[in-house]
Structure formats: structure tokens, C-alpha cells
Amino acid sequence: MTKTGKILWGILLAALLPLLCGCSAKKTSTEFFAMDTVMQLTAYGTYADAAVDAAEVEIARLDAKLSAQSASSEIAKLNAGGFCEDDETLRVLARAYQIAELTEGAYDPTVYPLMQLWGFGTDHAHVPQQAELAAALDLVGYDRLPAVKAPYRLPEGMAIDLGGIGKGFAAQTVRRCLQKQGVKSAVLSLGGNVTLLGSKPDGTDWTVGLQDPQTDGCFGYVSASDVSIVTSGGYQRYFEENGRRYWHILDAKTGMPADTGITSVTVVSTDDTLADGLSTALFVMGLDRAAQFWRESRDFEAVFLLDSGEIYVTQGLEDSFRSERSFEVLTR
């Protein structure tokens, strides 16, 4: 396992590990590295073995197709100026554009030139010069993307990274794969994404812990079934320069790490891909704008941990979120 993988696996265990106690049905688990993170799949029932194997194959297939870092992927070909005619890739691109439009660019798949400039996840991570940022920003903006249809090609110089929704789309695909294999109860831990298929074998809800970045424990727990629970936070991937921390969640309008007073955002939704995209978007929005966005939606619930330590929970999670600390409920 790479150093990055070990770090992310530690985050996974500490932050988003479903509590599986009390499950007596046959259990099959596998662990592997894909989409730049450690993943763990656990399925229950008679068909669990074959289902988990099939799910791992699906994730590897999607990683090879959608990773901007793989030179042979459909996305890398697009970023190099080529055309895309692959139906599945075009569906993911269309979904990315839809979420970008929905969030008015708080989630933006065109930030790849900025990510490359900052060098997150590499040995040359650094704070860019203002002139470099300005040049990269000229190549960023979801609203400059053409309508997604084959043959699809990006405007000259632009590049995309589907990392913001890739694991969500993978979870959605694997969910369907497991269901086709006859699995009714499973947990998919894909980095900061936890997808719950059905309920526990005993019919009760799963419980997912939300990591407290200041400790080795959790600041709260969400009980749920048949949803995705996705967390984004500035503590997950960052570097420090001249005593200041810079994290990988960028504001596409400024080119800088989003600094909105939020430490982490957890989104709960039955739409796996939407949950992934919104966890980034709400972080970029900041609490006030994110709360208003939630009030105008019916597709998700959320938990916000602020830099101050305050916790805000949307109304739909009031009865399923618990914490030893006090928290405020956002209402419509």
C-alpha cells in the first residue's frame, strides 16, 4: 500500500467506519486500492462472495476509464484534446455538468488545471504565484463546457477531473451490481464515501461515525439505511507552507482553497453521485449559503462541523444524528 493509501485508510477507519456488530448473516469483505484511496466492500448473504468479486472488478473498470491521472483513460484523452464517444463516460460528464449548474459552480469539474498547478498529492505541492493562478483560472469554468453529446471535445486548453463525483458514481454502479447479484445488505467504504445498501441483516439501521479532525475519535454518528454518507474536509488532503495549511478543496472562482469556516461537511442522500458532488459544493459555499441551498432542496441532508467546533445538522437528520456534544438543528 502506498503512503497515501495508508493515510487515507487511517482516515477511513477513524472517520467513516460503519458499526457492524450484531450481524449474524454470512459476511464477505475485500479491501483494495482504487481511485486514489483504500476501499473496503462488505456484503452479507448467500451470494456475497461472487457479488464482492464482481463489485471490485466494476470499480477497477471505472477507475481505468474515469481517472484523469491515467494516461489511457477516457478523461485523460479528453484532457489531451481528443474526442470521447463512450456512452458511460458521457453520462458521468453530463451528471458533473448538472451538479455544477445546480450549485452555481461551487462544484466544478473543470478545476483540474488548478489542481495540477497546486500539485496536491504530489511531491511538488506549493502555493502558486498570482500570475500562475490567473492563467489557470482562464481555463476554468463549467459554464464554458459544450453540451455533452458524442463526439464530445473540450474547449482548447480546458481539462476536467471527475474526482469530485467519481466515487459517488462508482458507488451507484456497484450498488446496482450487488443488487443484481442478489445482495440486499452491504456497506461500501470508498474513501470518504460510505454507501449503505439496504439495512443490516437484522433489519436495523447502520451507524456511521463522522471523524473529529482534532482527535482520533468521532464527533457524531449518523444512523441510516440505503443511502450514501459522504464527507469532505480540509483535513483530508493538504500541505503546509510557511506555517499555513492549504487544502485540496478549491474555489473555482478564486483558484484558492475554499476558506469558509467549515472543517467538514457530511451529506446524506439516496443519490450516491449527488451526495459526492454536494459534499464538495457545500464546503465551498460556507454554512449560510449551504443552509439556504438545503432549504431549497429535498434531495439531501447534511452535517456541518465548523472551525469553531460548532455542529449544525439539517432537520431531516435530527432523529438519526447523535453526538456527545451539543448541536444546532437547521430548519426550513
Side-chain angles (χ1 to χ4, degrees), residues 12 16-18 20 22-67 70 73-75 84-96 98-99 148 150 162-208 224-230 267-278 299-300:
L12 172 64
L16 292 165
L17 184 63
L20 304 177
C23 298
S24 59
K26 176 186 177 183
K27 180 175 95 170
T28 300
S29 296
T30 188
E31 178 186 316
F32 55 93
F33 191 83
M35 296 185 170
D36 200 31
T37 191
V38 174
M39 298 188 172
Q40 186 182 56
L41 312 181
T42 301
Y44 296 83
T46 305
Y47 309 106
D49 290 345
V52 163
D53 289 343
E56 184 174 352
V57 170
E58 276 294 276
I59 290 176
R61 181 185 66 79
L62 289 173
D63 193 12
K65 179 181 288 191
L66 302 178
S67 172
S70 173
S73 74
E74 293 289 335
I75 298 304
C84 177
E85 299 188 75
D86 178 71
D87 288 342
E88 185 175 44
T89 303
L90 294 177
R91 287 201 307 272
V92 185
L93 286 169
R95 188 70 168 125
Q98 182 184 45
I99 295 173
V148 180
L162 295 176
I165 65 167
K167 287 183 290 183
F169 182 79
Q172 176 182 310
T173 304
V174 169
R175 178 194 292 274
R176 293 170 180 165
C177 174
L178 293 176
Q179 289 171 330
K180 287 180 180 178
Q181 295 284 335
V183 171
K184 298 180 180 180
S185 183
V187 177
L188 319 175
S189 293
L190 315 182
N193 300 42
V194 172
T195 294
L196 309 172
L197 175 58
S199 57
K200 288 183 181 181
D202 64 6
T204 61
D205 283 344
W206 309 95
T207 298
V208 177
S225 295
D226 225 18
V227 297
S228 269
I229 301 176
V230 183
V267 174
V268 181
S269 176
T270 57
D271 186 328
D272 309 313
T273 307
L274 181 67
D276 203 3
L278 287 186
D299 298 326
F300 73 96

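Residue F169 holds its CZ atom at 10.0 Å from CG of L162, rounded to the nearest 0.5 Å. Between the CH2 atom in W206 and the OG1 atom in T195 there is a gap of 12.0 Å [rounded to 0.5 Å]. Considering CG of L93 and CZ of R91, their distance stands at 11.0 Å, rounded to 0.5 Å. Atom OG1 of T173 is separated from atom CG of L62 by 5.0 Å, given to the nearest 0.5 angstrom. In this structure, CG in D205 is found 3.5 Å from OG in S225, a value given to the nearest 0.5 Å. Atom CD1 of I165 is separated from atom CG of N193 by 11.5 Å, given to the nearest 0.5 angstrom.
A side-chain donor-acceptor contact under 3.5 Å links T28 and D49. Counted by atom type alone, S269 and S228 present zero donor-acceptor pairs between their side chains at under 3.5 Å.
Ion pairing between a basic and an acidic side chain is recognised when a charged N comes within 4.0 Å of a carboxylate O; D271 and R95 show such pairing. In this structure, K167 does not pair ionically with D36, as no charged nitrogen and carboxylate oxygen lie closer than 4.0 Å.
Of the candidates E58, M35, M39, D63 forms a side-chain contact (heavy atoms from CB on, under 4.5 Å) with just one, namely M35.
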For V194 and L196: C-alpha separation, side-chain torsions, deciding distance, then whether side-chain contact (heavy atoms from CB on, under 4.5 Å) applies. CA-CA 7 Å; V194 172; L196 309 172; 3.7 Å; yes

Let me see the working for L178 and L188 under side-chain contact (heavy atoms from CB on, under 4.5 Å), right down to the final yes or no. CA-CA 10 Å; L178 293 176; L188 319 175; 3.6 Å; yes

Under the side-chain contact (heavy atoms from CB on, under 4.5 Å) criterion, do S29 and V52 qualify, and how do the steps go? CA-CA 7 Å; S29 296; V52 163; over 6 Å; no

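The heavy-atom pair separating G198 from D226 by the smallest distance is N-OD1, 2.9 Å. Smallest separation of non-hydrogen atoms from T37 and L190: CG2-C, 4.3 Å. When every heavy atom of G163 is checked against every heavy atom of D276, the shortest pair comes out as O-OD2, 4.4 Å. In plain terms, the two heavy atoms of Y44 and V183 that are nearest each other are O-CG1, 4.0 Å. Across every non-hydrogen atom of A64 and S70, the tightest pair is O-OG, 4.3 Å. A pairwise comparison of heavy atoms in A55 and L41 identifies CB-CD1, 3.6 Å as the closest pair.
Between the side chain of S185 and the backbone N or O of S199, at least one donor-acceptor pair lies under 3.5 Å. Checked by atom type and distance alone, the side chain of S73 pairs as donor or acceptor with a backbone atom of S67 at under 3.5 Å.
Proximity of K27 to T42: side-chain heavy atoms (C-beta onward) are separated by under 4.5 Å at one or more points.
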